[in-house]
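Shown next, in structure tokens, is the structure this report addresses.
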Amino acid sequence: MSDYDDFGEPLGAPIGLAARAMAARPMPYLEGLNPAQCAAVEAMDGPVLMLAGAGTGKTRALTTRIVHLLNTGRARPNEVLAVTFTNKAAREMKNRVGQMLGETVEGMPWLGTFHAICVKLLRRHAELVGLKSNFTILDTDDQIRLLKQLLRAANIDDKRWPARMLAGVIDNWKNRAWTPESVPASDAGLFNNQGMELYAAYQARLLTLNAVDFGDLLLHVVTIFQQHSDVLEQYQRWFKYILVDEYQDTNVAQYLWLRLLAGGHKNICCVGDDDQSIYGWRGAEVGNILRFEADFPGATVVKLEQNYRSTHHILGAASGVIAGNEGRLGKTLWTDKTCGDKVRLIGHWDGEEEARWIGDEAEAMQLGTRGDAGISLDDMAILVRASHQMRAFEDRFLTIGLPYRVIGGPRFYERMEIRDAMAYFRVTVQPEDDLAFERIINTPRRGVGDKALQSIQMAARAAGVPLLAAARKLLEAGEIKGKAKGALQVLVDGFARWASVAADPDANHVELAEVILEESGYTEMWLKDKSPDAPGRLENLKELVKALEQFENLQGFLEHIALIMDNASDEDEEKLTIMTLHGAKGLEFPAVFLPGWEEGLFPSQRTMDESGVKGLEEERRLAYVGITRAEALCTISFAANRRVYGQWQSQLPSRFIDELPEKHVEVLTPPGLYGGGYGAAGMAPSATMEAKAASADAYSSPGWRRMQSRQQERGFGAPREASKAVIDVTANASFTQGERVFHQKFGYGYVMGVEGDKLDIEFERAGSKKVVARFVVAADRADDVPF
DNA sequence: CCAAGGCCGGTTTTT
DNA sequence: CCGGCCTTGG
């Protein structure tokens, strides 16, 4: 009947038999699990909800459950569907299952992210939604460019109605599994009453491009399942057990997808924590997890509440904060660890001082000033609400030479040069990929401007063929003139040549990639480029080519890249991590800094404006996630003043600070200073009394004294008065080329050039910068610079 | 086809 | 206040 009965996957060893033999043996993997974890592993049949608080050994329970299913012969590895949200989580699970099973079992083909699994499914059944199985996956950038074209075609001013906004609207609809036909009338008014039409036009355009966006991966598969019960039933039978990680983050489309697949046997195990739902803004529905027992009657609910990560005080503080939320499923985390240090709270004068203090503190902790052995920088993290907060820390750490790593900057594959190179690869393997072709038709500049492109586009539309084919036709017909003619011919011929190499299974795709970048002139473009980031970009291109080695061909690689966000860089040196709270979910660090706990920043004003109490609760969960990342030391801070869009604003301490239970907190801020703190003006009136009491003895608290003595050791007098002083001691100083100098922000460097009062300086850590002379001192006077 | 200037906007982000 | 994007002018 169909050619996918065997699901295209090797079955590997006769697992059924092997498993039966193993089932008689003891199950060593169950040892060391606590009773709740055991229950979650052993409740194999029927729906199971595993409510796993932060740090309660969720991944261990989940992987053990998979091993148990395989080991008892309930399912073969390729009959278990295990879904995660991130590639990282998928990889970790794969590794851990592999480790527990030993090397005998081949990897599990259906363990992966929602998106990766959907790609696999959609490739098999693409024709059912009008696609070919070699469809391209567009990323956000492609998506925006496509929408811009549609807006232009529809004569819509994309100033007032930006493509980004439309992309957001469409994404939201796709997250809810709404096709253009099923968008409810209540949403008809969105995007200037034209959202639905544009959505339909966009989907039609994607089909002609043989392309999908991320949302489509799920949406199309759900559509297929809904419209082709025969296909659905096969998968329902095939996937004997389903496991879902981070269930609280599922959106409606993912939820429907899971319900459809689990519809037969209902052997679905969802793992999640309602208190860690922080992705509501991108369509996640906490409701999915809150409703689980209603959706799957008779479900077994297991709560994992023993925390193996954090000390008592840290858990207490986190629990106190999260208790402010309504409508929780309710868990009580406990630990048998020591009380440890209390959560430390400190207020600062401004954001720069906060960065300075954290930098000093990190150095002190690294050296072990606290009387213990010292903590590796790898074990410390600064978790911020918004990425712009990172800059203050980067600036400061650059100055003092504290090694750090920022997680979540522009990702490798989002960089311009990588996307350009990949566009060449995409056209090579998929000549219909018009978006990719448009991207590189004039990159590097080859004299093919708007005019030439427009005539190609018109020809393509008229003939109903892709752009590359249209370009070839126009050239043959001699209809392209001037500079564009020769260059375009070279490009078109190039693609023909490269495509034939790519089609040859014996050809080496890594060499092909190098040839493409060489012959197209792309590498040369960057070699000629004199901008400071050109060498870095060439480096990235090299890395890209190197990454190709791990794949069989270009197609395989492109697919991988489209779905992966790996940011592999060499990590030899110890570094302190700076990342957003969102990015930190699932991670843990011995020492965590949580700066910027101020009203408006955290909780974010915008979230509260847009989503009211619901938004505030999500922010509170974010606070909970932040605190629970810490194993031993958690330091929360806030500043009384902060520059917001260039304006100095005075800030109020976050309401979450008032929610921290007093008994788990040590206040380092002296009362009255820095205009804030537990007990300063601006706090919620209800908490004032309690807070005043808390801060009354702040001066005598061990933390405060420790801080004082440390600052004195370093020769810092009063912590702050000096900070505002301008470095004008050298206002009249002159510098000469080659002189070694010091800058408060960028550290040490050498003067490369002098133009009036501006200096061209090559800094040791911050690279080359143009700096006004009065902000710089001679290197031997660096000690005069007040910190 | 490119460079300079004006204008708007400015959370979180995986796939 | 800073940076990205788009427009305009050469």
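This is a predicted model, so every value here is computed, not measured. Residue numbers start from 1 in every chain, and the chains themselves are labelled A, B, ... in the order their sequence lines are given, proteins ahead of strands.
- In plain terms, the two heavy atoms of A:Glu599 and A:Pro653 that are nearest each other are CG-O, 3.6 Å.
- Distance from the side chain of A:Arg445 is smallest to B:dC1 among B:dC1, B:dT12, B:dT13.
- Qualifying ring-ring contact (aromatic ring centres under 6.0 Å, His included) partners for A:Phe589, counting only residues two or more places apart in sequence or in other chains: none.
- In this entry the distance linking CZ of A:Arg642 with C1' of B:dG10 reads 16 Å, nearest Å.
- Nucleotides C:dC2 and B:dT13, compared at atom C1', are 23 Å apart to the nearest Å.
- A distance cut-off of 5.5 Å between ring centres, combined with a plane angle under 30°, places A:Trp281 in a stacking arrangement with the base of B:dT12.
- At whole-Å resolution of the value, CD in A:Glu246 and P in B:dT13 are 15 Å apart.
- C:dC5 and B:dT12: their C1' atoms are spaced 23 Å apart (whole Å).
- When the C1' atom of B:dT12 is taken as reference, atom CG of A:Leu383 falls 13 Å away, rounded to whole Å.
- The footprint of chain A on DNA chain C, defined by a heavy-atom cutoff below 4.0 Å, extends from C:dC1 to C:dC6.
- A straight line from CG of A:Asn87 to P of B:dT13 spans 17 Å, rounded to a whole angstrom.
- Applying the ring-ring contact (aromatic ring centres under 6.0 Å, His included) test to A:Tyr247 and every residue at least two apart in sequence or in another chain returns A:Phe292.
- Both A:Gly583 and A:Val448 sit near DNA chain B, but only A:Val448 has its closest nucleotide nearer the 5' end.
- For A:Arg259, the salt bridge (charged side-chain N to carboxylate O under 4.0 Å, His left out) criterion is met by A:Asp295, not counting sequence neighbours.
- For the side-chain hydrogen bond (donor to acceptor under 3.5 Å, both in side chains) test, residues two or more places apart in sequence or in another chain that qualify with A:Lys58 are A:Asp245, A:Glu246.
- Taking atom NE2 of A:His388 as the reference point, atom P of B:dG10 lies 13 Å away to the nearest angstrom.
- Nucleotide B:dT13 holds its P atom 15 Å from the CZ atom of A:Arg164, rounded to whole Å.
- Among the heavy atoms of the strands lying under 4.0 Å from A:Lys148 are primed sugar atoms or P, OP1, OP2 only; no base atom is included.
- When each of A:Glu617, A:Glu285, A:Arg621 is paired with A:Ser277, the side-chain contact (heavy atoms from CB on, under 4.5 Å) condition holds for A:Arg621 and for no other.
- Comparing A:Gly215 and A:Glu618 along DNA chain B, the residue whose closest nucleotide (by nearest heavy atom) sits nearer the 5' end is A:Glu618.
- With sequence neighbours left out, A:Ser455 forms a side-chain hydrogen bond (donor to acceptor under 3.5 Å, both in side chains) with no residue at all.
- None of A:Leu122, A:Val221, A:Leu207, A:Thr179 except one satisfies the side-chain contact (heavy atoms from CB on, under 4.5 Å) rule with A:Val129; the exception is A:Leu122.
- The residue A:Glu610 sits close to a base: some heavy atom pair falls under 4.0 Å.
- Across all strands shown, A:Val212 has no heavy atoms under 4.0 Å from either base or sugar-phosphate atoms.
- Taking atom NZ of residue A:Lys88 and atom P of nucleotide B:dT13, one finds them 14 Å apart after rounding to whole Å.
- Using a 4.0 Å heavy-atom criterion, one finds that A:Asp249 contacts no nucleic acid atom at all.
- Every side-chain contact (heavy atoms from CB on, under 4.5 Å) that A:Gln276 has, sequence neighbours left out, goes to A:Ala54, A:Gln248, A:Asp273, A:Lys585, A:Tyr624, A:Val625, A:Arg629.
- A:Gln389 comes within 4.0 angstrom of nothing in the nucleic acid, heavy atoms only.
- Residues from residues 596-606 of chain A that place a heavy atom under 4.0 Å from any atom of DNA chain B, listed by number: A:Ser604, A:Arg606.
- Separating the CG atom of A:Asn251 from the C1' atom of B:dT13 is a distance of 13 Å, rounded to the nearest angstrom.
- Qualifying ring-ring contact (aromatic ring centres under 6.0 Å, His included) partners for A:Phe593, counting only residues two or more places apart in sequence or in other chains: none.
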